[in-house]
Amino acid sequence: MIVDARVLRDEFVPREVVHRDAETNRLSAALSPLLDGEPAETALLTGPSGVGKTCIAQYTVSRLRERVLDIETQYVNCWQNYSRFRALYRILDGLGQTIDIHRQSTPRDELLERLERYDGPPCVVILDEVDQLEDMRILYDLYHLPRFSMILIANREEELFARLDDRIQSRLHTAERVHFDRYSVDELVAILEDRAESGLTTGAVAREQLAIIADAAAGDARVAIGILRNAARQAQRAESRAITYEMLHEAIPEGRAEVRRKSIETLTPHQRALYDILAEEGELEPADLYAAYQARVDEPKTDRTVRNYLQKLAQYNLITITGTSRDRTYVVERRE
DNA sequence: CATCCACCGGAACTTAGGGTTC
DNA sequence: GAACCCTAAGTTCCGGTGGATG
């Protein structure tokens, strides 16, 4: 059933990309000065999730590396490495410059100094989910390092810009900006066909079934591939030769629940308590929520900390926050 | 329509926990 | 082993916001 599970994984970067020629070309153009040994333009890729931003960034850089030997690349997921220290550490670590650095004790300035002293080949740093950084100064840091070029990836340009100070903003205005739109059903089907062809046995899934997946995924390729992966796994377990429609329909809600489950697992006990309360109550006003939280946990944190936790839950799309002051309510996100 | 006040979120500060240096 | 450095997490403080209320 499954011939090559790798191509069904989220982080897989295909050898050829489908339906993103224009975007790929613009990103290539921004990076092309590297071919002449010049620093590349900063690129800013925006668009909703699952539209191929990360994939195109990695694909374009790897294609560039096929043409020019001496280029390094570092991928940093800012969601996981959200502090200035961790993000810088991640880059140095990837470049193999951290052997004698011990996480806590080394000052950030030391990390910066090392990056300044770096004299290896030019390095393209992909900062994924850059809007998740809690300190945007790292962009400024990297701007001052001529050997480093940046590809920034974010959902919404306006929200990212709102958080930048003037100096970085003005520099980013000259960046090559590439916006990605949601995939159409046809485009998603083409992507799925591509993956099914190299990942599954022939005849494992019908084109018509791929159309159902594409439709359910609402333009999000990550969701679409997740559904296909779940259905294929199910078929594998059942030792079936093909994916049945029943397996398919089971896999659709599963694909979405999977993302949520993973997010919930990363919560601290206190954050989890807040989520549980909202999951039970559905919707609460700030005072009621905080009272329920105080009743539930030992040694409750202050309300200010709880507000930070709630922002975190919202970022994970586990809850929705509405209203800005007295009209504020917290609502659990429920959608199969 | 002024004033109230629950709530928000930025910023400065504190504390805990680690490591280094001499 | 004391003095010092770092980060991360949490707290304290506080000005701003905008529905509610008389």
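Chain identifiers are assigned alphabetically (A, B, ...) following the order of the sequence lines, protein sequences preceding nucleic acid strands; residue numbering begins at 1 within each chain. Predicted, not measured: the structure shown is a model, and the values here were computed from it.
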Ring-plane angle category for A:Phe85 and A:Tyr89, please: parallel below 30°, perpendicular beyond 60°, tilted otherwise. parallel
Nearest whole Å is fine: how far is [N] [atom2] from [X] [atom1]?
X	N	atom1	atom2	value
A:Leu88	C:dC6	CG	C1'	14 Å
A:Arg84	C:dA8	CZ	C1'	15 Å
A:Leu111	C:dC5	CG	P	18 Å
A:Leu274	C:dG10	CG	P	12 Å

Would A:Arg137 and A:Asp141 count as a salt bridge (Lys or Arg N to Asp or Glu O under 4.0 Å) here? Give the steps. CA-CA 6 Å; A:Arg137 273 177 296 178; A:Asp141 297 337; over 6 Å; no
Intermediate values then yes/no, side-chain contact (heavy atoms from CB on, under 4.5 Å), A:Ile2 and A:Leu200: CA-CA 5 Å; A:Ile2 298 178; A:Leu200 305 178; 4.0 Å; yes
How sharply is the helix from B:dC1-C:dG22 to B:dC22-C:dG1 bent, taking the axes over five pairs at either end and rounding to 10 degrees? 10°
Between C:dG10 and A:Tyr309, is there an OP1 or OP2 to side-chain N/O distance shorter than 4.0 Å? yes
So, is A:Tyr82 close to the C:dA9 phosphate, meaning a side-chain N or O under 4.0 Å from OP1 or OP2? yes
Rounded to the nearest 0.5 Å, how far apart are CZ of A:Arg26 and NE2 of A:His179? 11.0 Å
How long is the gap from CG on A:Leu64 to OG1 on A:Thr73, to the nearest 0.5 Å? 9.5 Å
I need the full list of side chain to side chain donor-acceptor pair (under 3.5 Å) pairs touching residues 29-45 of chain A, with sequence neighbours left out, sorted by first then second residue. A:Thr42-A:Tyr143
Is the Lys NZ or Arg CZ of A:Arg20 less than 6.0 Å from the centre of A:Tyr183's six-membered ring, within 45° of the axis? yes
Looking for any heavy atom pair under 4.0 Å, which part of the strands does A:Tyr290 touch: base, sugar-phosphate only, or nothing? nothing
Begin from the C-alpha positions of A:Leu115 and A:Leu92 and carry the test side-chain contact (heavy atoms from CB on, under 4.5 Å) through to its verdict. CA-CA 7 Å; A:Leu115 285 170; A:Leu92 270 177; 3.8 Å; yes
Using distance only, find each side-chain donor-acceptor pair of residues 118-128 of chain A under 3.5 Å and give its atom names and separation, not counting sequence neighbours.
unit_1: A:Tyr118; atom_1: OH; unit_2: A:Pro121; atom_2: O; d: 2.7
unit_1: A:Asp128; atom_1: OD2; unit_2: A:Thr54; atom_2: OG1; d: 2.7
unit_1: A:Asp128; atom_1: OD2; unit_2: A:Tyr75; atom_2: OH; d: 2.6

Can you hop from A:Ile243 to A:Leu188 via hydrophobic side chains spaced under 4.5 Å? yes
Any residue in residues 291-303 of chain A with a heavy atom nearer than 4.0 angstrom to DNA chain C? Just list them by number, or reply none. A:Lys301, A:Thr302
Please encode protein proximity along nucleotides 5-15 of chain B as a string of B, S and -, counting only heavy-atom distances under 4.0 Å. BBSBBB-----
All side chain to side chain donor-acceptor pair (under 3.5 Å) counterparts of A:Arg6, not counting sequence neighbours: A:Asp4
